[in-house]
Structure formats: structure tokens, C-alpha cells
Number of protein chains: 2
Amino acid sequence: MKKNNKQMKKNAYDIFLSGLQAADPVYAISKHVTLKNHTLYIGNALFNLKKYKRVIVIGAGKAAASMASALEDIISDYISDGIIVVKDGHGLLLKKIKVHEAGHPVPDKRGILGTNKIINLIKDTTESDLVLCIISGGGSSLFISPANGISLIDKQKTTKQLLACGANIHEINTVRKHLSNVKGGRLAFYVYPATLVSLILSDVVGDNLDIIASGPCIPDRSTFDNAKQILKNHNIWHKIPFSVKNHINSGRTGKIDETPKPGNIVFNKTLNVLVGSNFGSLNAAGKKARQLGYTPLILTSKAEGEAKEIAIFYAAIAKEIISSGNPSPPPVCILSGGETTVTVKGCGKGGRNTEFTLAAAIALKNTPNVTILNGGTDGTDGPTDAAGAMADQTTLYRASVLKLDPVKYLNENNSYEFFKKLNDLIITGPTRTNVMDIYMLLIS
Amino acid sequence: MKKNNKQMKKNAYDIFLSGLQAADPVYAISKHVTLKNHTLYIGNALFNLKKYKRVIVIGAGKAAASMASALEDIISDYISDGIIVVKDGHGLLLKKIKVHEAGHPVPDKRGILGTNKIINLIKDTTESDLVLCIISGGGSSLFISPANGISLIDKQKTTKQLLACGANIHEINTVRKHLSNVKGGRLAFYVYPATLVSLILSDVVGDNLDIIASGPCIPDRSTFDNAKQILKNHNIWHKIPFSVKNHINSGRTGKIDETPKPGNIVFNKTLNVLVGSNFGSLNAAGKKARQLGYTPLILTSKAEGEAKEIAIFYAAIAKEIISSGNPSPPPVCILSGGETTVTVKGCGKGGRNTEFTLAAAIALKNTPNVTILNGGTDGTDGPTDAAGAMADQTTLYRASVLKLDPVKYLNENNSYEFFKKLNDLIITGPTRTNVMDIYMLLIS
């Protein structure tokens, strides 16, 4: 029996919530970290907590407080000490772990202070210590410790030059990692010879561990030479503050240690576990879809590109499913995730997810038995208070009744207002996590 | 065993050729039309040719000559007469069917002459006649007969106004169908009460039969009232030639017959068979992929949107397949089709397919075990002599050796020259058919 539009909307929302739940910091930690008879199970590894003299929790990121709280719920009795750095207003009162709030997305001195406290806490650890490091989105700005002789301002000037000249994220990170005491695996220097386990909630497309929070516990393949070459290639070497140039040149001549490379002894006792990711959320959403009677099909967790164009392709997939049953016959739930972009030309209000939904609704025209839902797992789509929006066969008709021209709203990047008027926004409030967006087609 | 880049390129090309073959007019006709003991089998229907007094072949389109030739190969002995209108230079010498060449894409008097000859041939058909009508892309310009009192120039002026004011294809067609003697199902008026079988090769996204060649044999849901409303809505009614306004007003007051609607008696003995389509070609390509050891997955035959953005999404699907085996584990062949668009900003040389391939190569970076092939089934990608291009793991490396900057080539819409230098263009020559493009990802 075909489901009606209302049932499908409810199904779509429930599937989205399952994706959100999998990205919830508390859920993500408790799913991957368990304790039984003094033994801590993390991923496929196990740690006998009785054998460790100290268990120290460190970390940074927007979701760090919730993750730390979840960790305390599991091993509070074993934690000897801990410090984390979180975004302003994202702190929680914890039992053993100290929470420092700091500036984000623009880093500030409080971030440096918190990070230096973390360094002080771990630099004397020994073989008998276990360090648990919590990493989530925003970590790059919060986990911040400019290398000796470089001021925060000089570091920021360098980043600004890189952004202005059009350097890509890999180039920017290569330079950043060579101006920091903690990025690019340097944190592992301090922790060694203690055991280091990172629990990572990924907010980047592709889940590259060396990009999330600039990979403080991950081997780095780039060099001081690469960093200089990037600045030279973009013709900005002469614009870079002296302290930065001096530091990079010192690194090139061996006066300063390189970032630790793959195979470095400091990584002998490190373990990195992805506790939450876009793919994890798509997978959880897919499981829920199956329970509700839809065959789940995950196309990709690495979606990028212009939202309204991907929306047209999404609509084309929906039409094919209805006309030929390819790639999978209905009832089916097509899932993608990632982070699309919106090239803003109008001056309306909207985000990636509402724009994606509006463009898809237009392309789908009034195709029956299709519901589309797009939402950000952080609960805030662009500069709005919505996570995203839903559309179905009734959308364009209801818009016409209200005399709303969907194409005009799309051209003005005013998708938020469009769906607000139709009462089809998804409002979850801030979720304090982020594994990017979920793009869902439901076809019955 | 993983295949190497060279093997995969060969596989991709062979899979593309299988798609082309399915769209070949001769193959398309012979696959759907067979003769056995004086009985003609078309689709699921059969016609005892001994029972018909006359078998008449009519039609129009760029592929009509090849389709007619294939039909002659099957039922030459039974054909009593025939006339088709084809594009300049697309004629063939046939045994019984007369071939008229005419202007395309701008219609001319030769098109009107040919179409009127067709009308003369069929207007006296009786119940004992069978009319086979061959339709393919370009038919709208070739199958042309302005309604009485309207000159070709007035009709063209109307179309130009519609295009200039941004009317969509459905609006344009609604007006067109009400200014013609053959479009919008009117051809069926002449054929009735004879039996009318249309053999259609689709070149439009979605295969809507009323859009291909403006649906001469298909019921029309639009009215003279709709036509006037469209011209009024776009504020161009006052700019339309008097003869056209007069004709539309006469239609509204019943002085001129409406186009035949669904349920009209003239459609009682009509059959429409899609002998070739993008989906048909994707299906054939998928079969070949399976033979070569790849699981085929057809995402959509209705793809639209900006080529370089869809390419980014395609690359994201490839990466997901490699990292998690979703939506299908390798070896897999992802197939889509349709007609994407290119927003031209540079002044280079390229088409949809080469641009799609270049953008995908950039987004894929050097991902191993992926080959991408995009090609137009008509053999001509935009204003080029190539059908499309291929890319794989070696593309960016080989480009760097030749000092080609792929991003620069993409920004200049110069994808043809990029792949020409890499020797990765697909050159098939004009195929004299068109079921739009094939977009293929091969992952081993």
C-alpha cells in the first residue's frame, strides 16, 4: 500500500532524527566506548584500566564537552585528570575534566591558554599513562598553540594571506601544521611514551583524520620545505610576517623538529577511532528507513558541489525510480551526505539545505509519492534557525495558493522564507554536534 | 584481480559503444519490429499485413532516413508508399519511401512542402490501411505545417517572442501545437480511421511522447485558451502577429477544431512504441558492463543540471564506492544519462561531456581504480568533433607533465583542448542518432 504524503513526511523526519542521534556526542561515545570489569573497549582495542597509573582526558572542539561528559559517565572513577577547550557557550559542568571556553571561529588567547594547560598536563606522562583525546569540529581554532616566537597575530596574518590568494585547504593546513606546537601530529610528541587514543567526531567531507582539527594525533606527510614552496607558489612569501618566515627557514635547516611523519615512534602506541561521521549517520538513517519499509541506498557521504544543481540530479534519480525502478525499486530511501555550497546571488535568507530542497521541489514539479528532506546535523542551516526543510508533491500547489513563486524565491536565495511560509522548515535547535548534512529522497 | 587503467579505459569505451548501438536507428527498429509469416510484430502488438490494403510509411526527424531504411529491410515488399522529411545531408536512397530534405534547426519552405505531401498521402486513408510513422529528434522543425492563414514567418516570430520572454518548453509547445496542422496529435486526424503506429526514437529528457517532435500522434491536453493565457501571462500578446492572434481567438470560439484530447476517437487505433531512448541505451550499456564483470547501476536517464556540478557529485559517489562499497561494491559501473548544461563563461572549446569529464577528473584528484567516460550518443559534443572524453587516475599526472592546468582549462570552458592534448577524446564521428548523453563511472 502506498503511503500518503503525511505519512511519508513523518517517516522522512524520523529517518533524519535517527541520523542525528548517531551523531549525538553522547550516543557516539557510548556506542564506541564501553567498560566491563575494569577493561575499556574502544573500537576493536581493549585497555585494562587497572594497569594504568593515570587516565587523562584532553581534547577540543564544539562537541568536546558532551563527548567528555559521556566519557565521564563511563569511566569517571578511573579519570585522574582532564582539560578540554570548547567554544564559548558550549561548556558543561563536568566531574573531573576541566572545561575551558575560548573563541571560535576566530581563535583567541583563551584558546592558547587552554591548549598550553593541556600541554603541561601531558608533557610528563609516562609509559604507564593512558591519554584519551577528544576531537571534533572547530578543533583547529580551539586547540591552538603557535610555535615559539610566533604571535597569534602573525599566525592569523599568514592564514589570511593564504585565504586571500586562493590556496586550498590542504595547502593552508600544510602551512598551519608547521607553525603550531600541537597540529600535524605534534601533540603525539608530548604524549609519547604514554598510550594515546583519539575519539574523533568528523565534520569534514571524506573524514580525513589529518584535516579534522588539523590532525593533532595524526602523522603528517608535509614538510617545512612544502610550506615555504606553497607560500612562494602563491607569491605571498614576501607578505608573510618575519617571525613566520624565520620559523619556516629554521625548520628547513633542521633547527626545529619536523612534524612527526608516518612510521615515527611516537605513533607506536596511538589509536584513532572515528566515533561519529556523516557516513555513520547515513548508515543509522538507512537502518531506520529499512525498519519503516524503505530499501535504503547510500549514494555518498562525500557530496559537494552547488546545492541547487545537485538537487536537479536528485530529482532526476527520483523520477527514474518511479518510471523504471532504477537504481532500486520503490519503496526506497536514497541517502547522501556531505556539504554542498550555495553561490549567493540574491539577498534572501536561506542555507544549503533549504536551497537544495526548494530546487528539488521545482525540478520534481508535482511528481507523486516523493518526499525530499535535507537537513544539517548541527541543526543550523546557514544563517538560519532551521536545520533544513521538507518538500513533496503538495509543495508547489500549496505555494501557488499562497501566491509564492518558487523560482523567484530560489533566484533570491530566499528558500528559508519560502519553507517558513509553507510551515515545512525542520527545526531541531542547535544539536551541539556536526557531521555535515543529510540529503534524503523518500519514494513510496 | 583489479584491472589496470588501460583495461578499464577499453572496458569503458566498449560499454559506451553498446549504448550507442542500442540507439542506432537500424538496430532500434530491427529490435522492435519483426516480420514472420506476413505478421508484423511491433512491441507487444501484431499486425497481419495481408489484411491491409496499403502500408504507408511517413515520418520526420534527423534519424528518419536510417529508421526508414531499416523498416524497408524488414517489410519492403509490403510498403505501398511513403514520404519522410529529414535534415539537409541526412538523406539516404531508399527503395519505396521518398526522402525530402529540409532545413533544421530553422524550418524552411521545403519542410512545409514535404509535410504537405505527407498530409496528401494520408488524408484519404481508410480502415483497411496501416500507417507507420517514424519520429525522431528534430521532428519539430522538419514536420512543419502552419495552420491556414498563418505564414511560416509569423509562426517563427511567435516562437522567438516566447523564447525571448523566458517561456518554458511546455509553454512554447502549448502555443506551437495550436498553430499547426500536424503537431499536438493533429496528424492523427488525417490518419483516422486507418491504423497508426508510431516508432519513436526519443531525444528528450523524460521521453515525454508529446514533446518529441511536438507529439504529432499523441493526445494533447492543452487548449487555445491555455495558449492565449501563456502569451498574456508573459506580456507578449500585443507583440504577436495578427494572423496568430486571430487564429487563436478563432480556436477559442470554436471556429477551429481543438487539438485532439485524450479519449478522442482518432486515438482508438493508434500505438506508440519507443524504439530508442536514453534509458534503452543505459540498459544496453549496463548489460555490456555486466558481461565485462562490473555490476551495473543505473542512477537516472533524466539527468539535467550544470555539468561541472553533477561531476563533483559523481566523483563523490566514486569515492564512497571505494571507501565503503556503497551504493554497490566494486567492480561496479555507475550509469546516468540525459542532458546536462554548461554555463559558458570562458571562450575555450568544449561540450557538456568533455566539461563533465574534466570537472570529475579534478574532483577525483588521483583516486585509483576509477575511470570516467562521458559521451553524447549523437557523436558530437557541443561545437566539437568529439563525442566526449575519458579520464582516470593518470589524467592529472599526465596533464602536469604537459604543464596543463586543469582548473584553468575548466574555467575557460576549454575542456575539448585539454583532452585533445591528452589524447583522451572519444571520436566516433556523427552517429545519425541521438538519445542524449551517457555519463559513466567505472570502478574496479
Practice prompt. May I ask you to check whether over 12 heavy atoms, not counting those of A/N168, lie within 6.0 Å of atom CG?
Written response: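 Correct, the count exceeds 12.
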Worksheet item: Which pair of non-hydrogen atoms, one from B/L299 and one from A/L299, has the smallest distance, and what is that distance?
Response: CD2-CD2, 3.9 Å
Worksheet item: Considering only heavy atoms, which portion of B/Y314 lies under 4.5 Å from any heavy atom of chain A: side chain, backbone, both, or neither?
Response: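 Just its side chain gets close to chain A.
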Worksheet item: What part of B/S336 gets closer than 4.5 Å to chain A, counting heavy atoms only: side chain, backbone, both or neither?
Response: side chain
Discussion item. Distance check, rounded to the nearest 0.5 Å: A/K365 atom NZ versus B/H170 atom NE2?
Written reply: 4.5 Å
Discussion item. Return the OG to CZ distance between B/S323 and A/F279, rounded to the nearest 0.5 Å.
Written reply: 7.0 Å
Discussion item. Which one wins on heavy-atom pair count under 4.5 Å against chain A: B/L335, B/D207, B/N326, B/L297?
Written reply: B/N326
Item to complete: Determine the option with the most heavy-atom pairs under 4.5 angstrom with chain A, choosing from B/I312, B/L282, B/T341.
Response: B/I312
Worksheet, complete the sentence: Ranking A/I298, A/T300, A/I317 by heavy-atom pairs under 4.5 Å to chain B gives rank one to A/T300
Worksheet item: If only atom types and distance count, is the side chain of B/E309 paired as donor or acceptor with the main-chain N or O of A/E309 below 3.5 Å?
Response: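 Absent.
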